[in-house]
Amino acid sequence: MTSNLQRLNLLPANEGESELRKCCGSKAWARQVAALRPYTSVDELIDQAERVWWALGQQDWLEAFHSHPKIGEKKPAAETAVTAQQWSAQEQAGIENSAGKTLKALAELNREYEEKFGFIFIVCATGKSSAEMLSILRARLVNSAEVELRNAAAEQAKITELRLRKLVSAAAGEITL
């Protein structure tokens, strides 16, 4: 039986990149991570993915950020795979039963954040309530642009790791040859 990691390793370059872009919206990241195949373990894939991520430039990071919906919204600004949209909805599940006041505050502070920094608020939302995300957003709004870019990149790295684990543990057949 072939594992999903083996399937990922065997995909042609363009299909491998497409699968990886479900985990991170940066084309350069997906291209470089795909080029490093084959991977012998999930840990190796994650280590290399993180190494590639931190070697990328600001524009590549911004491209990845652009593939996420704003916290509390469903649709990202950039076109993304259905799988990535579904994962994003799962990651933001803590928002679903939020009070209107919290959702309104998130929307307002999201706008303020984007105006200040030039990109959307990125947080690894898995397991966080809307109140927790609102608290994190408020705390990060006081940062400098340089500090906040690194914070957002670190959050993207966490999201990418979670999604890579989902990708290689996905039901057989979700990754096609």
Side-chain angles (χ1 to χ4, degrees), residues 8 16-36 39 42-95 106-107 109-130 132-170:
L8 179 63
E17 289 175 27
S18 179
E19 287 298 309
L20 290 164
R21 286 203 58 219
K22 294 174 182 177
C23 303
C24 176
S26 165
K27 291 175 188 161
W29 175 87
R31 185 175 51 253
Q32 291 178 42
V33 173
L36 292 169
Y39 295 102
V42 176
D43 288 339
E44 180 189 10
L45 168 61
I46 289 168
D47 288 346
Q48 290 296 341
E50 186 162 346
R51 185 188 60 73
V52 168
W53 175 250
W54 289 110
L56 293 175
Q58 178 177 337
Q59 289 306 326
D60 299 309
W61 289 355
L62 294 174
E63 180 183 28
F65 302 165
H66 201 63
S67 70
H68 291 278
K70 294 176 184 175
I71 295 294
E73 294 185 7
K74 303 279 186 215
K75 196 143 175 76
E79 186 175 322
T80 58
V82 171
T83 302
Q85 290 179 24
Q86 291 169 340
W87 286 342
S88 184
Q90 291 168 358
E91 291 158 3
Q92 290 193 39
I95 293 268
L106 275 168
L109 291 177
N110 268 326
R111 274 192 300 280
E112 185 180 330
Y113 182 99
E114 191 169 6
E115 287 172 11
K116 180 176 180 178
F117 297 115
F119 53 88
I120 68 165
F121 172 64
I122 301 290
V123 65
C124 184
T126 300
K128 291 180 178 66
S129 69
S130 57
E132 288 174 289
M133 288 184 268
L134 184 57
S135 176
I136 294 166
L137 176 51
R138 284 185 174 126
R140 286 176 46 190
L141 264 168
V142 301
N143 291 331
S144 69
E146 182 179 323
V147 166
E148 194 48 33
L149 180 64
R150 298 286 297 175
N151 284 340
E155 292 297 311
Q156 175 65 54
K158 292 176 196 174
I159 294 165
T160 300
E161 178 180 347
L162 289 172
R163 290 181 177 188
L164 283 168
R165 290 186 187 282
K166 288 177 187 177
L167 182 71
V168 296
S169 69

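Predicted, not measured: the structure shown is a model, and the values here were computed from it. Count residues from 1 along the sequence.
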query: Does the distance from a Lys or Arg side-chain N to an Asp or Glu carboxylate O, for Lys158 and Glu155, drop under 4.0 Å?
result: yes
message: Would Thr126 and Ile159 count as a side-chain contact (heavy atoms from CB on, under 4.5 Å) here? Give the steps.
response: CA-CA 8 Å; Thr126 300; Ile159 294 165; over 6 Å; no
query: Would you say Lys116 has more than 12 foreign heavy atoms packed within less than 6.0 Å of its NZ?
result: yes
- prompt: Are side-chain heavy atoms of Asn110 and Ile120 found at a separation under 4.5 Å?
  reply: no
Steps toward side-chain contact (heavy atoms from CB on, under 4.5 Å) verdict (Arg51, Leu36): CA-CA 11 Å; Arg51 185 188 60 73; Leu36 292 169; 3.3 Å; yes
message: Determine whether a donor-acceptor pair (N or O, by modelled atom type, separation under 3.5 Å) exists between the side chain of Trp29 and the backbone of Ala49.
response: yes
statement: CG of Leu149 to CZ of Phe65, rounded to nearest 0.5 Å, is 5.5 Å
- line: Heavy-atom nearest pair, Gly16 first then Ala34, reads C-CB, 4.3 Å
field: Working for side-chain contact (heavy atoms from CB on, under 4.5 Å), residues Val123 and Asn151
entry: CA-CA 9 Å; Val123 65; Asn151 284 340; over 6 Å; no
task: Take Val42 and Leu164 through the test side-chain contact (heavy atoms from CB on, under 4.5 Å) and record every step on the way to the result.
output: CA-CA 8 Å; Val42 176; Leu164 283 168; over 6 Å; no
field: Carboxylate-amine/guanidinium proximity below 4.0 Å for Arg165 and Glu161
entry: yes
field: Nearest-0.5 Å distance that lies between atom OH in Tyr113 and atom CD in Glu148
entry: 3.0 Å
statement: In terms of heavy-atom contacts, Phe121 and Ile136 come closest through CZ-CG2, 3.9 Å
message: Please find the pair of heavy atoms, one from Leu162 and one from Cys124, that lie closest to each other, and give the distance.
response: CD1-SG, 3.5 Å
Atom pair CD (Gln156) and NE2 (His68), whose distance is rounded to the nearest 0.5 Å: 3.5 Å
- request: Flag the pair Trp61 / Trp54 as yes when their ring centroid distance falls below 6.0 Å, and as no otherwise.
  value: yes
query: Atom CZ of Arg138 and atom CG of Leu106: how far apart are they, to the nearest 0.5 Å?
result: 8.5 Å
task: Measure the spacing between CG of Leu109 and CG of Leu141 and express it to the nearest 0.5 Å.
output: 6.0 Å
field: Shortest non-hydrogen contact from Thr160 toward Cys23
entry: OG1-O, 3.4 Å
task: Would you name the heavy atoms of Ala125 and Met133 that are closest together and state the gap between them?
output: CB-SD, 3.5 Å
- request: Write down the atom of Ile122, the atom of Ala152, and the distance for their closest heavy-atom approach.
  value: CG2-O, 3.8 Å
query: When rounded to the nearest 0.5 angstrom, what distance separates OG in Ser67 from CG in Leu62?
result: 11.5 Å
